[in-house]
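Some notes on the structure that comes next.
Computed from a predicted model, the values in this text were never measured in an experiment. Naming: A, B, ... by sequence-line order, numbering from 1 per chain. Values reported hereafter were calculated over all heavy atoms of this structure, with side chains retained and with hydrogens, waters and symmetry mates removed.
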There are 2 protein chains.
Amino acid sequence: MRRDTFQAIADPTRREIINMIAHKSLNINAVAENFDTSRTAIYKHLKILTECGLVQIKQQGRERYCEAKLDKLHEVSDWVAQYKQFWNERFDSLENYLNEIQAKDKKPKNGKRK
Amino acid sequence: MRRDTFQAIADPTRREIINMIAHKSLNINAVAENFDTSRTAIYKHLKILTECGLVQIKQQGRERYCEAKLDKLHEVSDWVAQYKQFWNERFDSLENYLNEIQAKDKKPKNGKRK
DNA sequence: TAAATTTACAACCAAATGGTTACATATACC
DNA sequence: GGTATATGTAACCATTTGGTTGTAAATTTA
């Protein structure tokens with residue numbers, strides 16, 4: 001079974017879980033309470049997320065706190081960033097701005113040719 | 001059946017297809033030749049990608065050319081960007097750099113408080 | 001027109017996915 | 001100790017996924 005970051009965030013429930021615990025660690029029951037599926041179903045999502053390294057679970061008494069470890073999301077960010085030229089709006093204008101600034105600032109030898 | 005951008009790019013074969021045709025449109029057979037699975041399997045991936053709006057197919061004689069339409073990837077970019085603070089390295093330094101530049105350049109009224 | 005090429009798609013299949021219920025275990029609380 | 005709470009997990013199920021083979025249709029090309 002595939003277990004990578006892309007597959008992990010493909011499921012909307014898992015994206016919600018990430019969103020939920022990114023702000024504040026929650027124990028497993030607390031996470032599950034925010035959904036109308038069973039605790040077991042959420043537990044399985046959490047297991048997938050831990051297996052992918054996006055969530056870390058820390059025991060505290062009888063509770064397990066789910067903590068978001070989102071470093072791996074940079075893989076997704078990197079992959080998508082390759083194609084930012086294709087939806088050039090916001091991001092593109094940010095980059096253009098940066099390029100302009102750099103041009104003014106640093107006087108690079110050659111222009112924007114790759 | 002779910003059919004969204006996140007699910008579309010969850011499959012590594014589909015990510016490869018996107019990569020392949022982002023540079024240059026290819027007809028369906030040409031895409032399939034780059035994989036060791038059947039043409040039918042690739043055809044199905046292409047169907048999913050078109051249903052998600054990431055690929056557009058244009059007929060040209062008996063051939064269909066697959067063209068990448070990657071605008072929708074900004075959904076993924078946006079979602080991931082929320083969490084960039086969590087893997088602060090490269091991206092973070094880019095942003096810091098931009099912030100510094102802006103600070104020098106524009107003298108903003110208030111700092112980085114959101 | 002006949003043959004080759006390119007695509008569409010039906011029918012089928014094994015495995016993965018996302019869910020359930022039921023039960024076991026571990027810890028906290030009285 | 002006994003009970004309540006929090007978690008782990010087995011067993012099961014329907015659907016989706018990603019693949020296959022086989023066949024049909026459309027378009028060139030000879």
Rounded distance (Å) that lies between atom [atom2] of [N] and atom [atom1] of [X]:
X     : N      : atom1 : atom2 : value
A:K58 : D:dA6  : NZ    : C1'   : 19 Å
A:I28 : C:dA26 : CD1   : C1'   : 13 Å
A:K47 : D:dT9  : NZ    : C1'   : 8 Å
B:H45 : C:dA8  : NE2   : P     : 16 Å
A:E63 : C:dT25 : CD    : P     : 21 Å
A:I57 : D:dT9  : CD1   : P     : 11 Å
A:L46 : D:dG8  : CG    : P     : 9 Å
B:I42 : C:dT6  : CD1   : P     : 16 Å

Original post:
Nearest to the side chain of A:I48, which nucleotide is it out of D:dT20, D:dG18, C:dG18?
Top reply: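 Per side-chain heavy atoms of A:I48, the pick is C:dG18.
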Original post:
Picking from D:dT9, D:dT20, C:dG19, which would you name as closest to the side chain of A:K44?
Top reply: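 Minimum distance to the A:K44 side chain belongs to C:dG19.
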**OP:** Under 4.0 Å between any heavy atoms, over every strand shown, what does B:Q7 touch: base, sugar-phosphate, or nothing? Just pick one.
**Re:**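 Since only primed, P, OP1 and OP2 atoms lie under 4.0 Å of B:Q7, the category is sugar-phosphate.
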Original post:
So what does A:S38 touch, heavy atoms closer than 4.0 Å: a base, only the sugar-phosphate, or nothing?
Top reply: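 The answer is base, as A:S38 lies within the cut-off (heavy atoms under 4.0 Å) of a base atom.
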Residue-phosphate contact under 4.0 Å: [X] side-chain N/O, [N] OP1/OP2:
X     : N      : value
B:Y43 : C:dC9  : yes
B:N29 : C:dT5  : no
B:R64 : C:dA8  : yes
A:R3  : C:dT17 : yes
A:R39 : C:dT21 : no

Subject >> Nearest-nucleotide comparison on DNA chain C, the residue closer to the 5′ end among A:R62 and A:D11 >> reply: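 Looking at DNA chain C, the more 5' nearest nucleotide goes with A:D11.
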**OP:** Test side chain to side chain donor-acceptor pair (under 3.5 Å) on A:Y65 and A:E67 and set out the steps.
**Re:** CA-CA 6 Å; A:Y65 278 86; A:E67 187 180 312; over 6 Å; no
Subject >> Donor-acceptor pair present, A:T37 side chain and C:dT20 base, under 3.5 Å >> reply: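 Under the 3.5 Å cut-off, the side chain and the base do not form any donor-acceptor pair.
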Original post:
Parallel, tilted or perpendicular for B:W79 and B:Y83, by the 30°/60° rule?
Top reply: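 Perpendicular: the ring planes of B:W79 and B:Y83 meet at over 60°.
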Original post:
Is the backbone of B:I9 close enough, under 3.5 Å, to the side chain of B:R15 for a donor and an acceptor to pair up by distance?
Top reply: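 Yes; at least one donor-acceptor contact below 3.5 Å.
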Original post:
So, do B:Q82 and A:N19 sit near enough that their side-chain heavy atoms are less than 4.5 Å apart?
Top reply: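 B:Q82 reaches A:N19 side chain to side chain.
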Original post:
Taking side chain as C-beta onward, heavy atoms only, is B:T13 less than 4.5 Å from B:I42?
Top reply: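 Side chain of B:T13 against side chain of B:I42, heavy atoms only: contact under 4.5 Å found.
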